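The structure appears below as C-alpha cells.
All figures in this text were calculated on a predicted structure; none of them were measured in a lab. Just so it is clear: chains get the letters A, B, ... in the order the sequence lines come, proteins before strands, and each one is counted from 1.
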Amino acid sequence: MDISDLLDELNTAQREAVSAPPGNILVLAGAGSGKTRVLVHRIAWLVRVEQVSPYGVMAVTFTNKAAQEMRQRTEALLGIPAAGMWVGTFHGISHRLLRQHWQEAGLPQAFQILDAQDQQRLIKRVLKSLELDESRWPPKQAAWFINSRKEEGVRPGNIPDSGDLTTRQLIRVYTVYEEMCNRMGVIDFAELLLRTLELLRDNEALLTHYQQRFRHVLVDEFQDTNSIQYALLRLIAGKNGFVFAVGDDDQSIYGWRGARIENIQYFSKDLPNTQIIRLEQNYRSTGNILKAANCLINKNQGRLGKELWTDSGDGQLVDLYAAYNEIDEARFVAERVQQWVEGGGKRSEVAILYRSNAQSRVFEETFIAMQIPYRVYGGLRFFERAEIKDALAYIRLCVNHEDDASFERIVNQPPRGIGERTLDMIRATARDQELSQWRAALHCMQTDSLSNRAMVAVQVFVQLIERLSEQIQGLALFEQVDHILQLSGLLEHHTTEKGEKAQTRKENLEELVSAARAFEYEVEENENLTPLDAFLAHAVLESGETQGDAWEDCVQMMTLHSAKGLEFQQVYLCGLEEGLFPHQMSMEEPGRLEEERRLCYVGITRARQHLVLSFAENRRLHGRENFCVPSRFIGELPAGQIQEIRPRAMVSRPITHHSRPSRLGGSTEGINVGQRVTHQKFGEGIVLNYEGHGSHARVQVNFEKAGSKWLVLSYANLTVL
DNA sequence: GCGACATTGTTTTTT
DNA sequence: ACAATGTCGC
C-alpha cells in the first residue's frame, strides 16, 4: 500500500507520532507545530495502515469549530466520508450517547438541554423557593458551585459535610436544583457529561460494548480537559483501548473554568506504556517572535519543558509602543494597520488582541472614524439572542409542557396580561402541589383561584400552546418553526414594535426559519430523535455563529482567549498594563499569574510575521482615569528582540530591562504597585493601584484583613516592607 | 405593562 | 463610565 503521502509532508517528530504503533501516546505540541495536522494524519494512519475501521475511532475536541475542521480534514485526507467515525465535542458525543440510551440513563426520551442562561434562571427560582435572599446567595455563585461539583463528578449526596453553613445551603440548592431538573426533564451542560460518565460506569454491558467498539480515542487540546472529561476518556478507552492525546501545557488558559493542566502529568502515570512525543518545530512565526515567546514562558515554574524553534529566519523585531492613553494606543494601531493595507496587506491578516472585551470599544470607535472595516469576535451568538430564545421556548413548551424554564420565559412574551401576581399564584401552586407550572396553571383554572381577568389570560395562553402543539404535528421542521412564529404572536409583536432593533429582531426570527430549513439536510441517522428535537439540541449545543460567514476583508478584533488556535500575519497585543494584563483578579495567586503568562504566550505565538505590543500610560477604566504601570510581561521579554517605538518626547519612562514595575512619580517615592506595605490601623497589604500625583496621590491597597481601600498617600503614612 | 429611576458589578468562554 | 439588571409608581 502506498502510504508515502501520509508521511511525506511531515517532519521527524510528527512522523513518529503519526506512525507510532498503537498505544497510549501523548503529543506535547507547541504552538504552531502542526498539532491538528498530526491528529488528522494519525486518524488516517490508523484507518489506512493499521486497518482500523473508522467505526472504531473516536476523536474528541472542545469546540464545534475544531470538531468540524477535524472531520473535514480527515475526510479530505482519506478521500472518503468517514462515516461511522465519531468526531465531536465532549458534549456532542455525550449527548449522542444519552439520546441513544435515555432509558438506561434514567432520562425522559424527549429530554432537553439547558443552556447557561436557562440554568441561571432556574437557579434563581430554586433560591426563591428555598427563601434564600439573592443578595446573600448570588445565583452566580450557586451556579458556579453546582457546575464545579458536577465537573468533579460529585452529586449533592456525596459532598462531605464540613459543618460549614454556606456549603450546607449550597448543597440544599444543588439538591433542589437537581430535583427540578429531573422533574422538568432537562439537563445542563455539566450534567450531559456527568450522566454519560455514570451511564457507562454503572452499566457493565454498555461499557463493554463501547470499549470494544472504540479502541482508539483521540483528543485535541488535552490541556483543557477537566476532571470529568478525563475520567470519561479513560473509561471509554478502558484497559484495551488506546488514547492519543495532543496538548500543550503552555497553552492551558482555561484553568479558571475547571480545566486541569495536571491531566497532562497524570496521563503517563494513569495509562500504561505511554509514549511522549514533543513537537517543537514551529512553522508559523519568525525567529524573533519565537524567542520572545520562549523567553516569556520560561518564567513559569513546573513546565513540562519545550522550546520552540524555526528554521526560517529571524524576521522583524517585535515592536513595543508606549501610548499616552488608550485613545492614542488605538490611533497608533489603526495607523499601522492602514500602512499595512496600503502596502498591499490584507486586513483579515491583522488581529488586535486584548485581555478583556471592554477594550474593544476604543478600537472600534477609532476604526469607524478611520473607516477601516473590522470584525469583533465574541458577544451574543445567534441562538443566544432573546427573540430566538423566546421562539425556541415556544417550541420546547409545545414539545414538552413540563418544561418550566420555557414556560416562565414565554408565558407573558409577548405580553398577554399574565403579570407577576398571576405568576406568583401559579408558582406557589406548582410548589405546593409538586406540579409543573403548566399543570399548575391548569390546576389554578380548575380551582378558580384566579381573578377573572387573569383567568381569561391564562386560558388564552393554555389554549394557544395546546393548539400549536396539535397543529404542528406532521409538518416539516421549518414549517413547524414558521407556524409557531406566526401563531405565537412573537413575529407580530416584533413587527409592531418600533425602533431599529425591532427590525433586526424580526429578521433574526425569519433567519430562524431559514436555519430550520437548512437544518433538515443535516438530520442524519437521527437516533430516535424527531427533527424538531434534533434542531433544539443543535441550537443549544452549537449556538455558535451559523458558520464562518462570508469572509469579508476585515481586521479581526478579539480577546486573547478567543484567539487560541488562530494565526495572523500581524498581531497587535494591546493593553499590556499591570492590573489589566495580568488582570487584577489574577495577580495575587502565583498559579493564576502563570495562567496569565500563558495567555500572553498564546497571544505572542499567534503572530506569523510581525508582532506589535502596546500599553497605555494612562487609561480610563470603570470611569476612572488611571496611571498605568507597564505589564511585568513586557519586562520578561528578551531586550534584543524588542524595538521600542516612542515618537512622543513627553514619554520618558524606561520600559524594558526591568521586570519590576516602574516607580511612581512625585512624592509617592518608594511606593510601587505590587509592593507590600503596612498601615497602622489596617495592617499589611499589597499596593494595587494609584491615581493622581503629588500630595493628592491616592493609592489602592488590598489589606489582608481589612480588604481593599483607597488611601490618600500624604495622610496614610504607609511603610514599605 | 411600561417607562422612569436606582442599583450593581465590571476577566477570560464553551458546551 | 456604562451597561445591564431590578424596583417602583402610574
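Spacing between B:dT12 and C:dT5 at atom P, rounded to whole Å, works out to 15 Å.
With B:dT15, B:dG1, C:dC2 as the candidates, the nucleotide lying closest to the side chain of A:Pro415 is B:dG1. Of the candidates B:dT13, B:dT14, B:dT10, B:dT13 carries the atom nearest the A:Thr559 side chain, counting heavy atoms from C-beta on.
Note on A:Asn64: every side-chain N or O is 4.0 Å or more away from OP1 and OP2 of B:dT14. When the side-chain nitrogen and oxygen atoms of A:Asn357 are compared with OP1 and OP2 of B:dT13, one or more of them lie within a distance under 4.0 Å. Phosphate proximity of C:dC2 to A:Arg361: present, with a side-chain N or O under 4.0 Å from OP1 or OP2. Distances shown here put every side-chain N or O of A:Lys124 at or beyond 4.0 Å from the OP1 or OP2 atom of C:dT5.
B:dT12 has no base stacking with the ring of A:His561 when judged by centroids under 5.5 angstrom apart and an interplanar angle below 30°. Taking a centre distance below 5.5 Å and an interplanar angle below 30 degrees as the stacking criterion, A:Phe189 does not stack against the six-membered base ring of B:dT14. Residue ring and base: A:His622 counts as stacked with B:dT10 (centre distance below 5.5 Å, interplanar angle below 30°).
The environment of CD in A:Glu134 is crowded: more than 12 heavy-atom neighbours from other residues, nucleotides or ligands sit within 6.0 Å.
Contacts of A:Arg598 with the nucleic acid, taken as non-hydrogen atoms under 4.0 Å apart, are absent. Residue-level contact check: A:Phe581 touches neither bases nor backbone, having no heavy atom under 4.0 Å from any strand. Residue-level contact check: A:Ser562 touches the backbone only, with heavy atoms under 4.0 Å from sugar-phosphate atoms and none from bases.
Between the base of B:dT13 and the side chain of A:Arg381 there is no donor-acceptor pair shorter than 3.5 Å.
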